[in-house]
Amino acid sequence: MLKSMTGFGRGEAIGAGKKFAVELKGVNHRFSEVVLRLPRSLSVLEDRIRRMIQNGIARGRVDGYFNMENDGSKTPIMKVDKNLAVSYYKAMIELQTDLGLPGEIAFRDLIALPDVISVQEEVDDVESWWPFLEKALTLALTGFMDMRQSEGARLQDDLLKRIERITAAVEDIKQRAPHVVDSYRERLSQRLKEWLDGNIIDPARLEAEVVIFAERSSITEELVRLNSHLVQARTCVAAIEPVGRKMDFLLQEMNREINTIAAKAGDLLVGKQVVNIKSELEKIREQAQNIE
């Protein structure tokens, strides 16, 4: 089944005293590109995260947004520097004595001084975070891939309908092709009559001109190749693996064949179907930009 390159997924997980949140957003891109926005403390896990995302994505740009915060389950550890507090106290007494200043040194004055009481910094244990971050990322990837597949299913239905319309138009051209020469013979005969002003037309000369036109305007090979490309396009649309680039190539080839048919046939009815086919090919090309 086709996959769209656009999608969104979100996942959350709690563990190791942290709450992890992951968001993935996908947009169209010619190649595969993963752009991550991580907190600095998670940067050591960037390679693992990137590999997880790239394993499921062959084409398209994916922006990953990661957030980590404390989950409130751990109480901050307060650190009291007694030696520093004693040093502050002695310095304050010495200064008070030297300056002959009155007053008492209060407890609140001491604890307000820098670093007497501080919050002890936690040592980052990145490996203990990884299982929970991986869980959040897996949930985001699942939602992301589900949306891509859902969008891909809608693209598949639309593309198959357009391919069938092109196939029907090609069949009409195929049925019309033999009559193009007959139509040319009639037009040429009429013109010759007008030019010769009632004189006898040389049948051999007329037939020779018709044969030359028939050879020059034959579109049999183009129709065969065009039908072959349509068969391959149906196969692409039903494929499991990424087919975006292959579809791009097939569309280029089909456009080339239909342009050649238009140039060779020189017929009004064929030209009408050529316009219809080119219109459908352009719509398929626009849709193909969304295919992985």
Donor-acceptor pair between [X] and [Y] side chains, under 3.5 angstrom:
X      : Y      : value
Glu151 : Asn290 : no
Thr167 : Arg234 : yes
Asn67  : Lys19  : no
Asn28  : Gln289 : no

For the pair [X] and [Y], find out whether any cationic side-chain nitrogen is under 4.0 Å from an anionic carboxylate oxygen.
X      : Y      : value
Glu46  : Arg50  : yes
Glu280 : Arg162 : yes
Arg51  : Asp47  : no
Glu286 : Lys283 : no

Worksheet item: Does CZ in Arg37 sit with more than 12 non-hydrogen atoms of other residues, nucleotides or ligands closer than 6.0 Å?
Response: yes
Worksheet item: In terms of heavy-atom contacts, does CD of Glu69 have more than 12 from other residues, nucleotides or ligands at under 6.0 Å?
Response: yes
In a table with atom names and distances, give each donor-acceptor pair under 3.5 Å that connects a side chain of residues 236-249 to protein atoms at least two apart or in another chain.
residue, atom, partner, partner atom, Å
Arg245, NH2, Arg30, O, 3.1

Worksheet item: Is there a donor-acceptor pair closer than 3.5 Å between any side-chain N or O of Thr138 and the backbone N or O of Glu134?
Response: yes
Discussion item. Please check this pair: side chain of Ser279 against backbone of Val275, looking for a donor-acceptor N/O pair closer than 3.5 Å.
Written reply: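 No; judged by distance alone, with no hydrogens or angles, the pair does not exist.
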Worksheet, complete the sentence: Only residue of Leu137, Val22, Leu24, Thr6 satisfying side-chain contact (heavy atoms from CB on, under 4.5 Å) with Phe144 is Leu24
Discussion item. Which residues end up grouped with Val27 if you chain together Ile, Leu, Val, Met, Phe, Trp and Tyr wherever their side-chain heavy atoms are less than 4.5 Å apart?
Written reply: none
Result block: side-chain N/O donor-acceptor pairs under 3.5 angstrom for residues 89-97, not counting sequence neighbours:
residue, atom, partner, partner atom, Å
Gln96, NE2, Leu101, O, 3.3
Gln96, NE2, Pro102, O, 3.3
Gln96, NE2, Gly103, O, 2.6
Thr97, OG1, Ile93, O, 2.9

